[in-house]
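Below is one structure, written out as structure tokens; the observations come after it.
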Amino acid sequence: MKEYLKNIFEEAAKVSPYLNEKQIAFSVPNQKGHGDLSTNIAMLLTKVLKKKPREIANEIIENLNYDKEVIEKVEIAGPGFINFVFTPKFLSKIIIQIDKEKSEFGKSEKYIGKSANVEFVSANPTGPLTVGHGRNAIIGDTVSNLLEWVGYSVDREYYFNNAGRQMRVLGESVQLRYRELLGEEIDFTDEHYQGEYIKEVAQLLVDEYGDKLLNEKDESVFKAKAESEIFKEIKETLKNLDIEMKTFFNEDSLYKDKKIESVLAEFKDKGLSYESDNAVWLKLTELGNEQDKVMVKATGEPTYRLPDIAYHTTKFDRGYDKIIDVFGSDHNATFPDVKAGVGALGFDADKIDVLIYQFVTIIEKGKVVKMSTRKANYITLDELTESVGKDVVRYFFNMRSLSSHLNFDIDLAKKQSEENPVFYLQYAHARISSILRMTKEQNLLASMENLELLNTTAEVNLMKILHQFCDEVLYSAESYEPHRIANYLEELAASFHRFYTDCRILGTEQKLAEARIALAMATQFVIRNGLSILGVTAPDRM
RNA sequence: GCGCCCGUAGCUCAAUCGGAUAGAGCAACAGCCUUCUAAGCUGUAGGUUAGUGGUUCGAGUCCACUCGGGCGUACCA
């Protein structure tokens, strides 16, 4: 629809050059009586032309050359909007297009040939993933899906470090539990990891080595075992949500490959670092940030900043066109440093897009649950997935904008799983499958021959919404807003359910029935395609 | 103190680049199944968009301030 309008406006601009003065945008009005597409161009031109908006609108319409077979009505409304109403016949062409493209419908080639790296989850292997990590995981994976839909080739990446203080404490915790299992008295403090999984790892070591590890001086054997076991579980948790990482990037490799060293040397060469109080500082103030920060501590250990910068340079080295980081709001202070750092090293920091999502407040039994991996106070992501199912988890985390501080009432999620909006969408899909089964039995098949018969309100509305899918996918991908897809699908499903109620197929005159089957099939493809972006299954029966 | 995010119906949340009468779901109430799945449809009710001021043809959206919440503000990650 937009393409058509763009073309006729381009033609009109040849006669009225002032139309090139402003960007002409067409949007879907939120009010039903305001046409199918609408533009505010006349209002934007008031300052340029020094005329009243409605006068300008009138003039624009007079110069507009359009086909009556395509556009039914053009009208000026309100303060000066120009509203376009399309003919049902034109709208119905979308069914033919969907039938042709099927599960490809909605994809765009706009970014074909481009590559993206999406880094998400990136939790250190100190314990199982919690519900808190769930939002990160789902956002990262769905944004990746969206980018793939608009042409990107996407690598999903998980960054971790197994060398820090947390991991040391983890190793010690396992070591203590190991000794405890072998009958020693231990001093297990609040600082150690309290979770049951620590004991399970210790038990594995007992099974494997017996008491041979009692003389181990440091915690490294225990840490290594804990890391591998926990990672096994994390991967399983992600798999249960249909998430598969391409790469697990260990911070350690940055040291082995001397990447850290070379970045440090480069900052020094560029005069961007200095020593003070035995620490090495990065001159972030010179790069436009608030204050200088420490890169290497007096102890000789780097802070997270240095490896983060080094890590991001490897993403550039690997040639990605787009680099995306998914972080919780607790990281919102760190990425400007990293961006400034890689920028100073000569990389185009604008290729990095940082997606900050707000934390989920977990509520259980009416109370806010503060999660802590160390204190073993958490609800694991696996528990959630098991109790409500993958589809509900994925849909729930996808249905709200990243910037919304959402509340997640665990009890409600379990109890109301039957009333979750995701079932509304899946039900629409299943209903269509059912229709197609029934009609097939009666040898009624979809036909594209008489689509102009689709002209009732319910049919026309449904076709209009089908028209919006491609734009919606593109916009959602470019703005990294998966929730728009969820909102769109709810609207589409609602429109279908109305069509289902108003427009019967069995028992209807054959040509109309065949056209309606075609519409139902088209709707089913779009629901299925949309759900697949979100990573939600589209059942044929419910 | 400073920085980022947020405050919209009883609850959970939408609202395209600043657009028209602020929309859904849940909960409440009243209807609709001898016919393709009632996990559905139709209708009613529910709002000073936290508050005050400003910018303009037009503000939930932009600016300033106030109130309230989340997260930061490390030689933790």
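Predicted model, so just to flag it, every value in this text is computed and none were measured. Proteins get letters first, then strands, A, B, ... in listed order; numbering begins at 1 in each.
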Mind checking what makes ring-ring contact (aromatic ring centres under 6.0 Å, His included) contact with A/Y158, not counting sequence neighbours?
A/F231, A/F248
Can you tell me how far P in B/A15 sits from the matching atom in B/A74, rounded to whole Å?
34 Å
Set out, line by line, the N/O atom pairs under 3.5 Å between protein and nucleotides 73-76 of chain B.
unit_1	atom_1	unit_2	atom_2	d
B/C75	O2	A/A298	N	2.9
B/C75	N4	A/D277	O	3.3
B/C76	OP2	A/K297	NZ	2.4

Pairwise C1' distance, B/C5 and B/U52 [rounded to whole Å]
22 Å
Counting the atoms with a prime plus P, OP1 and OP2 as sugar-phosphate, which does A/N332 contact under 4.0 Å by heavy atoms, base, sugar-phosphate, or nothing?
base
What distance, rounded to whole Å, do you find between the two C1' atoms, one in B/C71 and one in B/U49?
24 Å
All N/O contacts under 3.5 Å from nucleotides 42-45 of chain B to the protein, with atom names and distances to one decimal?
unit_1	atom_1	unit_2	atom_2	d
B/U42	OP1	A/R498	NE	2.9

Any chance you could list the contact pattern along nucleotides 27-37 of chain B? Use B for base contacts, S for sugar-phosphate-only contacts and - for none, protein heavy atoms under 4.0 Å, 5' to 3'.
S-------BBB
Whole-Å distance between B/G40 C1' and A/F423 CZ?
15 Å
Can you tell me how far P in B/G18 sits from the matching atom in B/G7, rounded to whole Å?
16 Å
Considering every strand and a 4.0 Å limit on heavy-atom distances, what is the contact class for A/A77: base, sugar-phosphate, or nothing?
base
Can you find a side-chain donor-acceptor pair between A/N377 and A/S372 that sits under 3.5 Å?
no
Quick one about A/E481 and A/S401 (side-chain donor to acceptor, distance below 3.5 Å, no hydrogens or angles considered), yes or no?
no
Distance check needed: B/C71 P versus A/M371 CE, whole Å only.
14 Å
Can you name the salt bridge (charged side-chain N to carboxylate O under 4.0 Å, His left out) partners of A/K293, sequence neighbours left out?
A/D337
Short side-chain N/O contact to B/A14 OP1/OP2 from A/S401, under 4.0 Å:
yes
The contact string for nucleotides 6-12 of chain B, one letter per nucleotide 5' to 3', using protein heavy atoms under 4.0 Å with B, S and - for base, sugar-phosphate only and none, comes out as S-----B
Given the C1' atoms of B/G69 and B/A50, what is the spacing between them in whole Å?
11 Å
When you compare the side chains of A/Q426 and A/Y395, does any donor N or O come within less than 3.5 Å of an acceptor on the partner?
no
No-H, no-angle donor-acceptor pair, A/N30 side chain to B/A14 base, under 3.5 Å:
no
Mutual orientation of the aromatic rings belonging to A/F249 and A/Y159 [parallel < 30°, tilted 30-60°, perpendicular > 60°]
tilted
Side-chain N,O (A/K370) to OP1/OP2 (B/C71) below 4.0 Å:
yes
Could you tell me whether A/E509 atom CD has more than 12 heavy atoms of other residues or ligands within 6.0 Å of it?
yes
How many Å lie between CZ on A/F359 and P on B/G72, as a whole number?
7 Å
B/C5 P sits how many Å from A/L355 CG, rounded?
14 Å
What distance do A/F9 atom CZ and A/I41 atom CD1 have between them, rounded to the nearest 0.5 Å?
7.5 Å
Dot-bracket assigned to RNA chain B with the 3.5 Å Watson-Crick/G-U criterion, [ ] for crossing and | for other-strand pairs, is (((((((..((((.....[...)))).(((((.......))))).....(((((..]....))))))))))))....
Measure CZ/A/R168 against P/B/A77 and give the value in whole Å, please.
10 Å
hbond_proxy A/T334 side chain to B/A77 base (donor-acceptor, 3.5 Å cutoff):
no
Salt bridge present between A/E219 and A/R168 (N-O < 4.0 angstrom)
no
Please report, rounded to the nearest Å, how far the P atom of B/A14 is from the CG atom of A/N398.
13 Å
Span that lies between the P atom of B/G53 and that of B/G19, in whole angstrom:
23 Å
Without decimals, in angstroms, what is the distance between A/Y488 OH and B/U16 C1'?
15 Å
Considering only atom P, compute the distance from B/A38 to B/C32 and round it to an integer number of Å.
16 Å
Where along residues 465-475 of chain A does a heavy atom come under 4.0 Å from RNA chain B, residue by residue in number order?
A/Y475
Polar contact flag, side-chain donor to acceptor under 3.5 angstrom, A/Y111-A/E478:
yes
Assigned chi class of B/C13 under the 90° convention is anti
Listed by chain and number, what are the ring-ring contact (aromatic ring centres under 6.0 Å, His included) partners of A/Y357, not counting sequence neighbours?
none
Distance, C1' atom - from B/G23 to B/U16, rounded to whole angstrom:
14 Å
Can you see whether A/Y500 has A/R431 sitting over its ring - NZ or CZ less than 6.0 Å from the centre and within 45° of the normal?
yes
Show, in sequence, the C-alpha distance, side-chain angles and deciding distance for A/D325 and A/K315, and conclude whether the side chain to side chain contact (heavy atoms under 4.5 Å, CB included) test is met.
CA-CA 11 Å; A/D325 293 347; A/K315 295 187 189 177; 3.0 Å; yes
For a quick check of understanding: with a heavy-atom distance under 4.0 Å over all strands, which category does A/H331 fall into, base, sugar-phosphate or nothing?
base
Listed by chain and number, what are the ring-ring contact (aromatic ring centres under 6.0 Å, His included) partners of A/H192, not counting sequence neighbours?
A/F188
A/R394 and A/T142: side-chain donor and acceptor closer than 3.5 Å?
yes
Grab the CG-C1' distance between A/L44 and B/G58 for me, whole Å please.
12 Å
Test of understanding: with salt bridge (charged side-chain N to carboxylate O under 4.0 Å, His left out), list the residues that count as partners of A/R516, not counting sequence neighbours.
A/E459
Apply ring-ring contact (aromatic ring centres under 6.0 Å, His included) to A/Y488 and list each qualifying residue two or more places apart in sequence or on a separate chain.
A/F469
